[in-house]
Amino acid sequence: MTETFSHDTFISPLSWRYGSRRMRVVWSEVRKRKLLRRFWVALAKAQAECGVVSWEQARDLEARQDDVDLRRSAEIEAEVRHDLVAEIRTFAEQCPVGGGIIHLGATSNDALDNVDALRMQESLGLVERRLADLLATVDDRIEQWADVPVMAFTHIQPAEPTTAGYRVACFGQDLLMDFAAVQRERRAVKGKGVKGAVGTAAPFAELLAGTGWTAAQLEQMVMRSLGLEAFTVATQTMPRKQELQIAQVLSGIAGSLHKFALDSRILQSRMIGEWSEEFGEHQVGSSAMPFKRNPIAAENICSLARQVSAQVSVAWQNHANAILERTLDDSGNRRLFLPELFLLTDEILRRTGKLLKGLSLDRQRSRSTLDGYGQFAASERVLLAAVRAGGNRQVLHEVLRRHCLTAWSDVEQGKDNRLSDLLVADPDIRAWLSSETVHSLMSVDAYLGDAPARARAVGDAIRRVVCNGIAADGPEGA
């Protein structure tokens, strides 16, 4: 903790490569210790209100609340081998009047779990703002591309036309669900409260005996000062279920971003080539192949999103294996997975926003794909119109199937799609529809259903949510 870290030794990529500075600060050791001291000050002031300690002692702690000394704490920890006790003693050394009452009646997790709840609450707020910023970018792309026809794919095979804006709207709808889940979790975050070693608050009840105050009243004062609600019941720790639920929400965000990035990678493939992410003038795609333009931004999002999803398993184990009132086998991994969850989510949200802002749509390539394959989908319109005119659905379906296979073979050989001409020339089709009608029905641009309107409806929903939720001006210090 006191050594100077450099790239001569291992440093987590989260310390310098991934995650915003603001999120790193939330999960920094200095911030953790300042919040610990904030808890101890809140506890001391509540106890002073109850007459258990003096106001002079409580104010002495408050005056030195931000004077974190990591070096001294490390020296004490090397001797006592307990990081919280080391911080208590460091704080006590700085407070000649109030040092003796720090942590009075409390157990370690009265302090630690409330601090972690505060950090999770703040981190969820940062994620919420990052999501709002991304949603605003999604809305811009929906509006820009709502009417632009492109080929849709099922089973990674050409299917029917859609619009580029509708495709982005599907992503936006996922993000709206994620946004609501983040807001719900942020508002629901609770701390342990002050309940002692097994959650019964017996030490505080004992401490308050004869004062006229109850342990519950003391807890309310402490938590009001921290700006947190306390769980009604807890063991030595707050319920680990909360961290599992938060991990699942962040994993859900990662899932949405992974799907979008994966789709982006497929649409950037040279076989389709409709999308392309930003590629700098001097950017290198491959150390071996100078011509390569790899979708590295999208690939990186997918890579980090997998790591977010992996943390859910750790949170599940901590919740499911919390034996009786307390085991310590979650202590070490919580130092890792909680910061990783938030820092990685923060990073992939930032990268997805940058990817989407810089994304280019090659309309010539998308037009070529539509011209090559869109007529096959439009042939369904011919079938419906001919049957409405009095034709036999089964007979006409076979006629269309035969011509579609012929035209598909042409396209696969690099030839133009002549399906429209084949249908116009077929007597079974001409018996019910004029050549002008067939050509009109085979226009793929007219076979979009209500995709543009639905895409814009998602954009409208995004604007309502972002305006009514939080400002979409991005996280501070991003």
With a 4.0 Å cut-off, would you call [X] and [Y] a salt bridge?
X	Y	result
E274	R365	no
D147	R456	yes
D445	R367	yes
E93	R89	no
D133	R130	no
D113	R240	yes
K357	E278	no
D263	K259	yes
R119	E122	no
D66	R33	no

So, for [X] and [Y], which heavy atoms are closest and what is the spacing to 0.1 Å?
X	Y	answer
L104	L43	O-CD2, 3.8 Å
A169	V458	O-CG1, 3.7 Å
D139	G459	OD1-CA, 3.4 Å
I142	G165	CG1-O, 3.9 Å
L355	A297	CD1-CB, 4.3 Å
V194	E219	N-OE2, 3.1 Å

Side chains of [X] and [Y]: does their closest heavy-atom pair fall under 4.5 Å?
X	Y	answer
Y373	V444	no
L304	V308	no
Q47	W213	no
Q65	K34	no
L131	L175	yes
L118	L228	yes
E185	Q245	yes
S264	L359	yes

Has [X] got a side-chain atom pairing as donor or acceptor with [Y]'s backbone, closer than 3.5 angstrom?
X	Y	value
Q236	A197	yes
Q248	V312	no
S6	D8	yes
Q217	T214	yes
S73	L70	no
R24	G19	yes
Q311	Q307	yes
S28	V25	yes
R64	Q94	yes
T107	G196	no

Does a donor on one side chain sit under 3.5 Å from an acceptor on the other, for [X] and [Y]?
X	Y	value
T90	D69	no
Y447	E380	yes
S256	D178	yes
Q57	S54	yes
T327	D329	yes

Exercise. Kindly determine whether E347 and R351 satisfy salt bridge (charged side-chain N to carboxylate O under 4.0 Å, His left out), including the steps that lead there.
Key: CA-CA 6 Å; E347 180 66 16; R351 287 179 180 248; 2.5 Å; yes
In Å, rounded to the nearest 0.5 Å, how long is the span from [atom1] of [X] to [atom2] of [Y]?
X	Y	atom1	atom2	answer
Q317	L244	CD	CG	10.5 Å
I246	L124	CD1	CG	5.0 Å
E77	L84	CD	CG	10.0 Å
S12	R17	OG	CZ	11.5 Å
E299	R265	CD	CZ	5.0 Å
Q121	D116	CD	CG	12.5 Å

Quiz item: Under the ring-ring contact (aromatic ring centres under 6.0 Å, His included) rule, what pairs show up with a residue in residues 331-356, not counting sequence neighbours?
Solution: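 Every pair satisfying ring-ring contact (aromatic ring centres under 6.0 Å, His included) with a residue in residues 331-356: W27-F342.
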Quiz prompt | ring-ring contact (aromatic ring centres under 6.0 Å, His included) pairs, two or more places apart, involving residues 244-263 | solution = F171-F260, F260-W275
Quiz prompt | H103, E87, E62 screened by side chain to side chain donor-acceptor pair (under 3.5 Å) with W40, the one that passes | solution = H103
Quiz item: Can you list the steps and then say if R72 with F91 is a side-chain contact (heavy atoms from CB on, under 4.5 Å)?
Solution: CA-CA 10 Å; R72 179 56 183 149; F91 194 15; over 6 Å; no
Quiz prompt | R334 atom CZ: more than 12 heavy-atom contacts under 6.0 Å | solution =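 Result for CZ/R334: enclosed.
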Could you work out, with side chain to side chain contact (heavy atoms under 4.5 Å, CB included) as the rule, every residue matching [X], not counting sequence neighbours?
X	result
T163	Y166, L448, A451, P452
Q173	none
Q144	R141

Practice problem: List for me each residue that meets salt bridge (Lys or Arg N to Asp or Glu O under 4.0 Å) alongside D460, sequence neighbours excluded, and say none if there are none. | Solution: R463
Practice problem: Could you walk me through whether S20 and D346 pass side-chain hydrogen bond (donor to acceptor under 3.5 Å, both in side chains), step by step? | Solution: CA-CA 7 Å; S20 66; D346 178 60; 2.9 Å; yes
Practice problem: Let me see the working for S123 and M23 under side-chain contact (heavy atoms from CB on, under 4.5 Å), right down to the final yes or no. | Solution: CA-CA 7 Å; S123 296; M23 191 67 84; 3.5 Å; yes
